[in-house]
Amino acid sequence: MPDETPTLEQESVDHVRIRFAGDSGDGMQLAGARFTDASAIFGNDLATLPSYPAEIRAPAGTIAGVSSFQVHIADSDILTPGDNPDVLVAMNPAALRANLADLAPAGTIVVNRDAFDERNLERAGYTTNPLRDGSLRGYTVIEVPMEEMTREAVKDTGITGRGVLRSKNFFALGLMIWMFSRPLEPTLEWIKATFAKDEAVMRANEAALRAGYNFGLNTEQFRHTYQVRPAKLKPGVHANVTGNQTVAWGLVAAAQAARLPLLYSSYPITPASDILHELSRYQRLGVRTFQAEDEIAAIGVALGASFGGNLGVTGTSGPGLALKSETMSLAVMTELPLLIIDVQRGGPSTGLPTKTEQADLLMALYGRHGEAPLPVLAIASPGDAFGTMIEAARIALKYMTPVIVLSDGYIANSAEPWLLPNLDALPDISVPFVTGPNSDGKFMPYLRDAQTLARGWAVPGTPGLEHRVGGLEKEDVTGAVSYTPANHEKMVLLRERKIAGIADDIPAVVVDADEGADLLVVGWGSTYPAISAGVRQARGRGAKVARAHLRHLNPFPRNLGEVLRRYRQVLVPELNRGHLARLLRAEFLVDAIGMSKVQGMPFKTFEIEEKIVEMTRP
Amino acid sequence: MPDETPTLEQESVDHVRIRFAGDSGDGMQLAGARFTDASAIFGNDLATLPSYPAEIRAPAGTIAGVSSFQVHIADSDILTPGDNPDVLVAMNPAALRANLADLAPAGTIVVNRDAFDERNLERAGYTTNPLRDGSLRGYTVIEVPMEEMTREAVKDTGITGRGVLRSKNFFALGLMIWMFSRPLEPTLEWIKATFAKDEAVMRANEAALRAGYNFGLNTEQFRHTYQVRPAKLKPGVHANVTGNQTVAWGLVAAAQAARLPLLYSSYPITPASDILHELSRYQRLGVRTFQAEDEIAAIGVALGASFGGNLGVTGTSGPGLALKSETMSLAVMTELPLLIIDVQRGGPSTGLPTKTEQADLLMALYGRHGEAPLPVLAIASPGDAFGTMIEAARIALKYMTPVIVLSDGYIANSAEPWLLPNLDALPDISVPFVTGPNSDGKFMPYLRDAQTLARGWAVPGTPGLEHRVGGLEKEDVTGAVSYTPANHEKMVLLRERKIAGIADDIPAVVVDADEGADLLVVGWGSTYPAISAGVRQARGRGAKVARAHLRHLNPFPRNLGEVLRRYRQVLVPELNRGHLARLLRAEFLVDAIGMSKVQGMPFKTFEIEEKIVEMTRP
Amino acid sequence: MTDTETKRYTRADFQSDQEVRWCPGCGDYTILASMQTFLAEVGLDREKVVFVSGIGCSSRFPYYMSTYGFHGIHGRAPAIASGIALANPGLSVWVITGDGDALSIGGNHIIHAMRRNLNIKVLLFNNQIYGLTKGQFSPTSEFGKRTKSSPSGALGRPFNPVSLALGAEATFVARTIDMDRPHTIEVLRRAYQHRGAAFIEIYQNCNVFNDKAFAELTGKEDRLANRINLQHGKPVVFGPNQERGVVLGASGARIVDVAEVGLEALHVHDEHAPDPSAAFALSRLSHGPHGPTPMGVFRDVQRSLYEDDLQRQVSDAQGGRGPADLTELIRQTGTWTIN
Amino acid sequence: MTDTETKRYTRADFQSDQEVRWCPGCGDYTILASMQTFLAEVGLDREKVVFVSGIGCSSRFPYYMSTYGFHGIHGRAPAIASGIALANPGLSVWVITGDGDALSIGGNHIIHAMRRNLNIKVLLFNNQIYGLTKGQFSPTSEFGKRTKSSPSGALGRPFNPVSLALGAEATFVARTIDMDRPHTIEVLRRAYQHRGAAFIEIYQNCNVFNDKAFAELTGKEDRLANRINLQHGKPVVFGPNQERGVVLGASGARIVDVAEVGLEALHVHDEHAPDPSAAFALSRLSHGPHGPTPMGVFRDVQRSLYEDDLQRQVSDAQGGRGPADLTELIRQTGTWTIN
Ligand SMILES: Cc1ncc(C[n+]2csc(CCOP(=O)(O)OP(=O)(O)O)c2C)c(N)n1
Ligand SMILES: Cc1ncc(C[n+]2csc(CCOP(=O)(O)OP(=O)(O)O)c2C)c(N)n1
Ligand code: SF4
Ligand code: SF4
Ligand SMILES: [Mg+2]
Ligand SMILES: [Mg+2]
């Protein structure tokens, strides 16, 4: 009944950051994801940051059980989910308490008032009710009886008992959709499609969504709604993607580009499992997945598949990468193509399984016995994963080598809009199998391409090329077992040169330069958005600062040393204790300074910004 | 019948290097070891280098099947087995062919003439007989019909069939004992003790030994014998020891010094298995060993034993260390004392399982997921192993941390005389268990010692201290599971500082200085003898060069940076592709230059010497 | 002091101060309660008990016990537990593990623990799913099960944990179910009394990712129809009126109507049979479980304990004289003296 | 061309150019010869055959075959082989492994390979010792065995590999011995014909570190007394005059005098019995082996192949239309267009 709407201002803002927070059971991830999709379809640029408790369900109502989802929507290109939300939706006292500190000054709090009873307050560790004790002064607090309203809304939908309150996340979502002037339709459609099998639930969710929307429309509590106009994204088809999704798609695309069947062999582990889940759903694309008995078997199967002529891929997180170490070394010796994905999480040991960290880089480079070099690549963002996977496959196939690709928990689970590439124009990265003798009528399995130093790939089933590979040192060219001292040294050097030579086949590092800058900020992996945004902000404050981001961590781009030496100061922000900084120091003898954060969370933009401002102060 | 002896010159030499070489089945390791022991008892200083084919028996008579044992005896302290033998005992053509290139100019060859038949020549790849074709001109060649003489010698001992020729290594040994004027008795006694159970074998070996000795005595082929006078070793009781032996003894001593039961849990792997074998024989010392189902179980059992209040130790080689990675990370998180021994071998993968290499250093430092720092020590020689094990245990217990100790195939199997320390005067490295509450009547498992930052060790069975450890991030002090960002960072830093702080508790690095030197040679592990000897030789040729050898690789001694910066050039010889060099560069930003050898063999003295001379040339 | 005799524990004495964090309704709660009740009943001192686990929902168990505990890494609990048992044979060591932890990544350690026969008790919480990682199939999930990682159905035949343990030379093998606390407690008691490694499969309902997997054993009527309670020395009968029974033949175990074959023809259960074949045949009656399913102790035989054998070797080597001397040992390898 | 029909291979066609490097007298030689003879007889094309191994003396096997080969790392051959079989179901994939490789470090992969039922044939060369690492005890070494790592005797009960495989849901389980080449060849043929995973224990003499471990099955008289040759559909009899037999009862399998019980009372061997209980009971007759020991095929049943099931899922998903399109898939997740 739009005509009954009280007159409201509609404020136009260029961006807004909203955090949905509630108990793990409150469906906040779903609410956040739906809001994100609605905004994406509306045409905003966006970035998200989901955060949930470690895998076990914590007791309801406690701080440990709080789950949240932050989404940043904007009318121009943004990079991060934002440090501090402008609006906090808090479904219970614990959610309020856990997130209040992050809220922007004078921010808005939308609370589910019904949850602020004594029991919940106590569980959250409040001794007084924050809605009453004046501790929220300075914020705009909007109290909404969400449970009462939801109960009322769903009463004729056939839903009963515990199910009733399950819809309250849709109530909150509806309210936010109204507040930020999104269209309702995409969400309504999504509800229809998703809950098609259970009509009562479908109707309850729809009713709650509309009730939330209408509550905004009809309540005087809300002084104005906001409008965030569509961003000027590149024209084309966009999807809102998480990193695990784009890794999966990138693998499918890589296999297509390589004209090879894809076999993904993995053992479930947070936060990598979703890659397995995604790919398991792609049987109609011919993708085969294999859930192995453990990580060692998983990589063994992938390596066997590669020997058999497939694109063998395995994926895991830190603890699993540790277990795969011995087999990676075998892959180095047998010189077979293989992709190993490591979605890093907080360590050491089981550590913080649902949190993000970048502390596996040195293990990726050095965590194998003997001299076992292999290429290492890193993904910078969900959207970047697609191309990185194709690049990794290209290198693995062209150079007959295992390749490690580093992702992390942040990339894996956060979402961003992504411009679909033209999948019909994928590069051809296929490498023909050897089909006949390659040396005087004979097949020499370790005969190398003069330029790439790659050996030939002859797959079982090919007549006349029968040969044996294995983990013992190989004689040059013939591939026979050899214990000769000189041959061993030769082969160690050949394997080293082969990997080092890839530097000639990857793009030079591109510097986001700044006239007169004598500080270079170098990043890798998921710090990309925070560093880019931090640099942008610092420049806004007059700092002169250059920036470079590395996709290739082994070998480094050819020009990297030269680039580093151009700057008096080199800062390397990392979510670890200085891995890349250490590599740059050892390799180039430059005094790269690490900036470290190990809190299971990404850098905030202002942290980078402040550091740059501090380092560039005259 | 000494009176019938033709008059011979007895030449006195200060050192001599002898290599016994033959087929794997010829018992060359035994002959070499007996000769070594006879020389040790005689009082020479000595160093040895055994070398044998990869584990599988190669076909008799081929180059692949050759096994050799080099021993260097001297009247003054020596460091290495010597680059080039003065005397080569060759039991067959393959042994001659495989070893001739190493023989010193104008060296002596003692060959088993009977083995130079067509079949063996062909197997060795000779097209003509080197004993006849003049290709050995320039050497002193002594042809001995060893098989014929052995057959003759043993004919009345009751030995028959295939057994007859088995004694021919004793014939060769007897000949060498005569040639180098060693006493026969120790070897005769050894034979008696060793073959007590099989009298025929005992008598055959004895007869062959005497026959060889007498052959020397009675043959005009030998122009003179040699005399190497006893060396001036430090007074005291000496034993001739291999590194695997001294590691085992060092562990027993460490457990005694720590007043803890020792549990050694391992899975067999070359070249570490002998540590397990040694310790398995020490049940009468209360030592318990456990052969686990794999390396992961092996370290799990050791860690469990540590939790239970034992000195838990596990040992392996590279492939096994890779497998232990995940559990090492758990040990870091649970902060329990644990020793992990890695006897490095040629890699990557199965590589060269019986050869030596130092290419696991970076894995030892970085081969774990997440930030999982732990101390790393290296053994420099068989004799050094004993003390290193005690030092490793001291650190593990005092700082409640897993410690990695690096040995390698060369240290493991080569022998040197070793002055027994006074075992009654071992340092007290014991650390008392926590027996009661440590904080206001409560037990806080992660409460730390203010100085060492070590937590307390409370073992199951102690009333009132019931607590839980595990791999999830721990809350400071309480040890409860914690996912809090700030706590995670705090704990990462605490673990890091704890390990870094050990630098204050280890000796400063001692420089073997040289007035005016601007080159420093830095080594670690088994390169010790070659580097020391190389430096000595280079100095003899006028080079100014300083030398330092590191036992502690993480953390480094406090003064190392300062030491490195004193020299214009830093050379780091390593049996890998520059691991320590890389660490020094990253840590101290000094332009450390790697000198690399990856041939499965130790450096030769002259290689180091030449490099130094070249680098110090004005 | 007769203190120890009058010492009495309650269940609460075995509860730790940690909040229990499983999903509401999870079968793990019941097993936890059974264990705490059992420990109080048997009167074990807290400090003598160690719980060791791997990773999984079930593996959080040690945090909730006021005893010593070690929350290990995925699959490796049996190794850690073996180390603890070797270090201190006086402890009561329990391994808590899940179907993924024990039979997927940890399968090898489990079978070796069984054949070695150290004094550790393995409780396998079998919910036929990966709970902690949110719902992938496990090695005990039924063929064709649709899960996150098998949207068109899991492949491969699931393990029958009891058969596997019997094939691995286990000396004690039993099965129970979360819901039935008295039965669980009885099986725990039997495992505790057994001197040696024990393997106990506990059917555990994961109401979030695999609800009602054991409905055939828990529903009122189903339970009566399907639960075969094994009792030592008794013919194997079951059913609402004990009207059905099990016979053992050349083709394995078979369900029969008692009326038809007569009570004498039924298999008489012998837990202590040296040959595990009959126990194995019983284990084949159900897979999943579907239909009539034996519960209780399948096998309980005596075999020398690993720790005891090791201790005996050490004592024998020392010949009653206590530890020999390292110096002496080194000297035996051959030494010489320089003055 | 009728070329393929007339194609004939000889043993030599399956010999590689590598020198065979086992100790003289090692049982591995005989098994190698049996395999080469078998492959020539069955007429498989070299390029269609892949041998995958772990680490151990036996694991050098692939080097000596002129087929494709993968000498893997310790214990992991079943995983590598599974990958090869998945990549190319048209190949004939054989795993060569030792008692340490398969049952110590690799135990978990073996049991999972069995339950999954991929088309790989596992040949376990059981010499009851670690050969390559020069003589430590293995999980099949007898209790009390003195070796380098157990100078006062190995502890723990050894696995019975056949029992273990049966407990792990294997569809094909057999046992043979190096010396008996015709028997080995026959068992290889049967394994080859079986569509699914096969587990074959081959008693193999290590004359250097564990000589005569199988003397009870090889000595002229011992052999007659102890070898029980299992034959499908026949009563299980053995002995110089077939005068002894096996009956199956409630307490397992038992040796009897045929004269005493009568031929009808004997167990009639059924390889295809769906229930593995009888096969399991037979496997318990000897452990080690000591005394009468069944040889031949214990079990050979049909179960759907993992590869086939997977292929069927893929085909079903594609609905006969061939691979769908990635773009389409991405679009289904929800996209929007900006112009
Ligand atoms: C090395 C390693 N791989 C994988 C994981 C992830 N992971 C944790 S628990 C688990 C399986 C849990 O299933 P189960 O053992 O059945 O226990 P449940 O949660 O069902 O009680 C997996 C795959 C891990 N923590 N470590
Ligand atoms: C990870 C790893 N651990 C240990 C070893 C050492 N190793 C090689 S083979 C082997 C056991 C060999 O025994 P088995 O499998 O019975 O084979 P056999 O030599 O008797 O044929 C061991 C322990 C290794 N190569 N790799
Ligand atoms: S996921 Fe399942 S097993 Fe895990 S706590 Fe929840 S109900 Fe229990
Ligand atoms: S050690 Fe034993 S198994 Fe290995 S090759 Fe020699 S005889 Fe054969
Ligand atoms: Mg489970
Ligand atoms: Mg073996």
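These numbers come from a predicted model, not from an experiment. We use all heavy atoms of the structure for the numbers below, so side chains are in, but hydrogens, waters and symmetry mates are not. The sequence lines fix the lettering, A, B, ..., with proteins before strands; numbering per chain opens at 1.
Summarising the geometry, atom OG belonging to S277(C) is positioned 6.5 Å from atom CZ belonging to R284(D); distances are rounded to the nearest 0.5 Å. Atom CD1 of I110(D) is separated from atom CG of N108(C) by 10.0 Å, given to the nearest 0.5 angstrom. Rounding to the nearest 0.5 Å places CZ of F159(C) at 10.0 Å from CE of M114(D).
Of the two parts of A317(C), neither the backbone nor the side chain holds a non-hydrogen atom closer than 4.5 Å to a non-hydrogen atom of chain D. Proximity to chain D (any heavy atom under 4.5 Å) is restricted, for P158(C), to the backbone atoms N, CA, C and O. For H287(D), the part sitting under 4.5 Å from any heavy atom of chain C is the side chain, from C-beta outward, and nothing else. In this structure, the portion of S304(D) lying under 4.5 Å from any heavy atom of chain C is its side chain and not its backbone. If you measure heavy-atom distances from L118(D) to chain C, you find no contacts under 4.5 Å at all. Looking at D270(D), neither its backbone nor its side chain comes within 4.5 Å of chain C, counting heavy atoms on both sides. Both the backbone and the side chain of S152(D) come within contact range of chain C, with heavy atoms under 4.5 Å apart. Only the backbone of A253(D) comes within contact range of chain C, with at least one heavy atom under 4.5 Å from a heavy atom of that chain. Only the side chain of H267(C) has a heavy atom closer than 4.5 Å to any heavy atom of chain D. Only the backbone of I105(C) comes within contact range of chain D, with at least one heavy atom under 4.5 Å from a heavy atom of that chain. With a 4.5 angstrom heavy-atom cutoff, L305(C) does not touch chain D via any of its atoms. Contacts between A168(C) and chain D at a heavy-atom distance below 4.5 Å involve backbone atoms as well as side-chain atoms.
Contact of the E169(C) side chain with the N160(D) side chain is registered, since non-hydrogen atoms from C-beta on lie closer than 4.5 Å.
Counting heavy-atom pairs closer than 4.5 Å to chain C, the top-ranked of the candidates A278(D), A273(D), A250(D) is A250(D). Residue with the most contacts toward chain D among A279(C), P274(C), A281(C), G249(C): A281(C) (heavy-atom pairs, distance under 4.5 Å). Between chain D and the options S251(C), G252(C), P276(C), S283(C), the largest number of non-hydrogen pairs under 4.5 Å is found for P276(C). Between chain D and the residues N117(C), L103(C), V268(C), the most heavy-atom pairs under 4.5 angstrom are made by L103(C). If you tally non-hydrogen atom pairs under 4.5 Å between each of V247(C), L164(C), L248(C) and chain D, the highest count goes to L164(C).
Here the closest heavy-atom approach between residue G153(D) and residue Q313(C) is recorded as O-NE2, 2.8 Å.
Using the six-membered ring where Trp is involved, F280(C) and F280(D) have ring planes that are parallel, under 30° apart on the 30 and 60° scheme.
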Steps toward side-chain contact (heavy atoms from CB on, under 4.5 Å) verdict (T171(C), R157(D)):
CA-CA 10 Å; T171(C) 53; R157(D) 182 174 173 83; over 6 Å; no

